[in-house]
Amino acid sequence: MKTLVCVKRVPMTGGRIVLTEDEQAIETKHLGFAISPHEECGVEEAVRLWEHHGGDTVVLTLGPADAEEQLRDSMAIGIARGIHLVTDGEEWDPEATAGAIVDVIRADEAASGLFDLIFFGNESADSGGFQIGLRVAHALDRPCATGLKGVAVDGDLVRCEQEEGGGRDVYELPLPAVVTVLEGLNLPRYPSVPGRMRAGRKPLEALTPVRPASRLERARLVVPEGESKQAEVLGRGPDAAAAVVDLLEQIGVAS
Amino acid sequence: MNLVLVEHVDGAATDVSLQALALAAGLGGETHALVIGPGGAAASVNIPAAVVHVAEHDALDAFAPDAWASILGGLAEQIGATAIVAPGSGHATDAMARAAVRLGEPLAANCISVTPGDPLLVTRVRWGGSLLEEARLHTGRALITVAPHAVVAAPAGSPGSVETFTPEIADADLVVRVRDRVAPPAGGVSLADAKVVVTGGRGVGSPEGFVVVEELAALLGGAVGCSRAVTMSGWRPHTDQVGQTGNKIAPEIYIACGVSGATQHIAGAKGAKKILAVNTDSEAPIMSIADYAVVGDLHEVLPAISAELRRRRA
């Protein structure tokens with residue numbers, strides 16, 4: 001089985017988002033980075049499929065040079081090789097991102113056969129465009145199911161469970177297919193030290209595509225004006241219990 | 001002219017669809033609505049649009065996103081829509097992204113406001129609502145989904161007219177189709193509907209530590225939640241997670257215990273009417289969004305609250 005997982009490097013924003021002076025990006029000087037959460041589960045799922053079926057597993061990202069960290073993280077838990085579409089750090093819009101991914105998938109498939117299953121996150125944590133997987137699937141003329149919390153390969157089919165209205169809708173797609181997944185699909189493992197050592201030696205192909213003009217053009221980012229509150233302190237330690245229960249009674253949820 | 005994809009449940013337009021209609025009204029011009037599948041005709045009579053188009057076809061009993069995209073895109077071309085708007089729910093977003101790629105158009109997901117013009121200006125949600133983006137949409141046919149519960153819904157009203165039609169649906173557009181349905185787990189109070197939510201964060205310290213959280217939630221008839229740090233540690237199932245990539249909650253009161261208040265978590269708790277934080281750190285980010293706070297160790301504070309509740313009930 002040959003699988004591909006597409007991931008995005010995103011900052012871990014912590015308690016408060018601070019923007020750069022030009023309001024075009026998040027100030028990340030003091031932040032760590034991670035794989036966007038939904039895609040982290042995509043990586044884990046691809047590794048589990050490889051553990052059951054063997055074959056080839058590839059992780060792909062479009063992002064700055066530093067995004068190699070997220071490719072290596074993926075390879076550290078078992079992905080065999082990486083493809084890095086290296087950008088100058090400027091954000092690409094969904095149409096451009098999907099276009100570049102389609103080009104590199106076609107090239108890889110021409111060289112080493114079709115991907116049976118391609119994983120995307122349902123939406124990235126930062127830009128939240130909700131469309132890259134569907135755009136890629138359409139260009140490749142493959143079926144795609146979105147928002148999945150269950151993915152099970154059975155012969156030539158993949159059974160997909162999509163969270164909807166509290167329950168789950170079930171789809172069955174013929175392979176090759178594209179799926180977009182959600183956090184909760186699985187519990188991603190942490191890389192081991194030997195895994196990290198191996199990841200450093202795994203093959204990584206780097207390409208530098210050219211960014212086309214954007215039709216969804218970012219003007220600026222704005223941190224929404226939350227009510228900056230100062231919490232009313234009801235007390236310290238267990239002595240606060242009476243004041244808390246007074247509050248619960250006042251709200252009408254104590255009985 | 002604007003075309004709005006209206007979802008419906010039990011013969012009535014959903015709230016988020018009425019919110020999409022309200023946003024579309026801000027674009028100016030006439031608004032048409034499209035309802036698809038069984039129940040659409042019943043829903044159409046209360047949709048405030050100049051024309052409600054009702055797509056009926058035997059194959060539409062189960063959701064098939066490519067078929068929806070084909071119907072939506074086809075109707076938009078037929079009536080010359082310059083904007084297509086849909087609620088940012090799972091199914092509608094899925095169908096809209098498919099329609100966008102079929103029509104060769106960009107899609108602006110999860111918008112909260114629009115300003116007509118050339119280019120069209122949109123404000124859209126990033127980071128689950130922790131950040132907003134103002135963007136220009138360079139196209140003659142704008143595809144927009146509307147962030148749920150960010151826009152005041154259009155008041156109910158009657159349509160100018162209702163036009164029922166039978167779309168042509170290609171077999172290829174039925175490959176991706178809901179085949180089966182797994183019902184939601186029975187029993188218990190769901191996080192989404194709970195009036196009281198008590199969550200534990202990293203500060204709970206262990207899976208066993210949640211016993212004090214569970215006790216208080218049970219006494220209040222509420223639901224237990226947790227932060228992403230807890231889920232990623234394997235202490236609680238992901239179904240308990242509150243946050244951008246977990247459950248969105250809207251309780252009367254949200255009691256956040258040992259939760260630092262990362263933006264990822266708060267994105268799921270914005271709907272709470274009141275927030276009470278229980279935390280040893282009076283400087284934690286949660287304190288700047290909470291209404292009330294108890295500074296202290298949750299393992300001492302929560303049992304004391306539970307005991308006080310029992311005492312007053314006795």
Quiz item: Quick check: does any side chain N or O of A/Ser36 sit under 3.5 Å from a backbone N or O of A/Ala125, one acting as donor and the other as acceptor?
Solution: yes
Self-check item: Engaged part of B/Val9 at the chain A interface, taking heavy atoms whose separation is under 4.5 Å
Solution: neither
Quiz item: Under a 4.5 Å heavy-atom cut-off, does chain B meet the side chain of A/Glu163, its backbone, both or neither?
Solution: neither
Practice problem: Counting only heavy atoms closer than 4.5 Å, note whether A/Glu164 contacts chain B via side chain, backbone, both or neither. | Solution: both
Quiz item: Is a side-chain N or O of A/Thr13 found less than 3.5 angstrom from the main chain of A/Ile17, in a donor-acceptor match?
Solution: no
Practice problem: Counting only heavy atoms closer than 4.5 Å, note whether A/Thr180 contacts chain B via side chain, backbone, both or neither. | Solution: neither
Quiz item: Any side-chain donor paired with an acceptor under 3.5 Å for B/Asp297 and B/Thr280?
Solution: no
Quiz prompt | Side-chain donor/acceptor of A/Asp93 to backbone N/O of A/Ala96, under 3.5 Å | solution = yes
Quiz prompt | Modelled atom types, side-chain donor and acceptor of B/His138 and B/Asp118, under 3.5 Å | solution = no
Self-check item: chain B contacts, top residue of A/Ser214, A/Ala177, A/Ala219 (heavy-atom pairs, under 4.5 Å)
Solution: A/Ala219
Practice problem: Indicate whether the side chain of B/Thr145 and that of B/Thr93 have a donor and an acceptor atom separated by less than 3.5 Å. | Solution: no
Quiz item: Side chain, backbone, both or neither: which part of B/Thr245 has an atom under 4.5 Å from a heavy atom of chain A?
Solution: both
Quiz item: So what's closer than 4.5 Å to chain B heavy atoms on A/Leu187: side chain, backbone, both or neither?
Solution: side chain
Quiz prompt | Among B/Glu308, B/Arg179, B/Arg136, residue most engaged with chain A (heavy-atom pairs, under 4.5 Å) | solution = B/Arg136
Quiz item: Are there more than 12 heavy atoms of other residues, nucleotides or ligands under 6.0 Å from atom CG of B/Asp171?
Solution: no
Quiz item: Who wins among B/Ala277, B/Ala262, B/Pro285 for the most heavy-atom pairs under 4.5 Å with chain A?
Solution: B/Ala262
Quiz prompt | Heavy-atom contact with chain B under 4.5 Å, split by part of A/Asp141 | solution = neither
Quiz prompt | Donor-acceptor pair, side chain of A/Glu27 and main chain of A/Lys29, under 3.5 angstrom | solution = yes
Quiz item: Contact part of B/Pro106 toward chain A, heavy-atom cut-off under 4.5 Å: side chain, backbone, both or neither?
Solution: both
Quiz item: Within the distance-only criterion (no hydrogens, no angle test), does the side chain of B/Ser130 pair as donor or acceptor with the backbone N or O of B/Arg126 below 3.5 angstrom?
Solution: no
Quiz item: With only heavy atoms counted, which part of B/Ile255 is less than 4.5 Å from chain A, the side chain, the backbone, both or neither?
Solution: side chain
Self-check item: Backbone N/O of A/Gly128 and side chain of B/Arg124: donor-acceptor pair under 3.5 Å
Solution: yes
Quiz item: For B/Met96, is it the side chain, the backbone, both or neither that has a heavy atom under 4.5 Å from a heavy atom of chain A?
Solution: neither
Self-check item: Lys/Arg N to Asp/Glu carboxylate O, A/Glu249 vs B/Arg313, below 4.0 Å
Solution: no
Practice problem: Establish, from distance only, whether the side-chain atoms of B/Glu7 and B/Thr14 form a donor-acceptor pair under 3.5 Å. | Solution: no
Quiz item: What part of A/Ile251 gets closer than 4.5 Å to chain B, counting heavy atoms only: side chain, backbone, both or neither?
Solution: side chain
Practice problem: With a 4.5 angstrom heavy-atom cut-off, could you sort out which part of B/His91 is near chain A: side chain, backbone, both or neither? | Solution: both
Quiz item: Under a 4.5 Å heavy-atom cut-off, does chain A meet the side chain of B/Val196, its backbone, both or neither?
Solution: side chain
Quiz item: Given the options B/Lys195, B/Arg181, B/Glu133, B/Arg311, which has more heavy-atom pairs under 4.5 Å with chain A than any of the others?
Solution: B/Arg181
Quiz item: Between B/Leu131, B/Ile305, B/Val301, which shows the greatest number of heavy-atom pairs under 4.5 Å with chain A?
Solution: B/Leu131
Quiz item: Given a strict heavy-atom distance threshold of 4.5 Å, which part of A/Gln162 is in contact with chain B: side chain, backbone, both, or neither?
Solution: side chain
Quiz item: Where the side chain of B/Asp291 meets the backbone of B/Ile275, is there a donor-acceptor pair that is under 3.5 Å apart?
Solution: yes
Exercise. Answer yes or no: does atom CZ of A/Arg189 have more than 12 heavy-atom neighbours from other residues, nucleotides or ligands under 6.0 Å?
Key: yes
Quiz item: For the candidates A/Glu172, A/Arg215, A/Lys149, A/His138, which exhibits the highest count of non-hydrogen atom pairs separated by less than 4.5 Å from chain B?
Solution: A/Arg215
Quiz item: Looking at A/Pro224, A/Ala98, A/Ala145, which one has more heavy-atom pairs under 4.5 Å with chain B than the rest?
Solution: A/Pro224
Practice problem: Would you tell me whether A/Lys8 and A/Thr97 have side-chain atoms, one donor and one acceptor, within less than 3.5 Å of each other? | Solution: no
Quiz prompt | Under 4.5 Å from a heavy atom of chain A, the part of B/Arg312 involved | solution = side chain
Self-check item: Interface moiety of B/Ala290 toward chain A, non-hydrogen atoms closer than 4.5 Å
Solution: both
Quiz item: Would you say the side chains of A/Asn186 and A/Glu45 form a donor-acceptor pair under 3.5 Å?
Solution: yes
Self-check item: Portion of B/Leu276 that has a non-hydrogen atom of chain A nearer than 4.5 angstrom
Solution: side chain
Quiz item: Which answer fits A/Val233, side chain, backbone, both or neither, if we ask what part of it has an atom under 4.5 Å from a heavy atom of chain B?
Solution: both
Quiz item: For chain B, which of A/Met12, A/Glu40, A/Glu91 has the most heavy-atom pairs under 4.5 Å?
Solution: A/Glu91
Quiz item: At a heavy-atom separation under 4.5 Å, does B/Pro184 approach chain A through its side chain, its backbone, both, or neither?
Solution: both
Self-check item: Residue among B/Val122, B/Leu220, B/Leu120 with most heavy-atom pairs under 4.5 Å to chain A
Solution: B/Leu220
Quiz item: What part of B/Gln241 gets closer than 4.5 Å to chain A, counting heavy atoms only: side chain, backbone, both or neither?
Solution: side chain
Quiz item: Considering the options A/Val43, A/Ile101, A/Leu62, A/Ile132, which one meets the side-chain contact (heavy atoms from CB on, under 4.5 Å) requirement together with A/Cys6?
Solution: A/Ile101
Practice problem: Flag the one option from B/Gln264, B/Glu252, B/Gln244, B/His265 with the top tally of heavy-atom pairs under 4.5 Å to chain A. | Solution: B/Gln244
Quiz item: Given a strict heavy-atom distance threshold of 4.5 Å, which part of B/Ser260 is in contact with chain A: side chain, backbone, both, or neither?
Solution: neither
Exercise. Check the angle between the aromatic planes of B/Phe63 and B/Trp68 and answer parallel, tilted or perpendicular using the 30° and 60° thresholds.
Key: perpendicular
Exercise. Look at the side chain of A/His38 and the backbone N and O of A/Glu183, then say whether any donor-acceptor pair between them is shorter than 3.5 Å.
Key: yes
Exercise. Considering only NZ, NE, NH1 and NH2 on the basic side and carboxylate oxygens on the acidic side, decide whether A/Glu90 and A/Arg218 come within less than 4.0 Å.
Key: yes
Quiz item: Of all of A/Asp126, A/Val223, A/Val222, which one pairs up most often with chain B through heavy atoms under 4.5 Å apart?
Solution: A/Asp126
Practice problem: Measure distances from A/Arg16 to the heavy atoms of chain B and classify the residue's part below 4.5 Å as side chain, backbone, both or neither. | Solution: backbone
Quiz item: What part of A/Leu185 gets closer than 4.5 Å to chain B, counting heavy atoms only: side chain, backbone, both or neither?
Solution: neither
Practice problem: Go through A/Asn122, A/Ile26, A/Asp239 and name the one with the most non-hydrogen pairs under 4.5 angstrom from chain B. | Solution: A/Ile26
Quiz prompt | Structural part of B/Arg177 lying under 4.5 Å from a heavy atom of chain A | solution = backbone
Quiz prompt | Interchain contact, A/Leu221 with chain B, by part (heavy-atom threshold 4.5 Å) | solution = both
Exercise. Identify whether the distance between the nearest side-chain nitrogen and carboxylate oxygen of A/Asp73 and A/Arg196 falls below 4.0 Å.
Key: yes
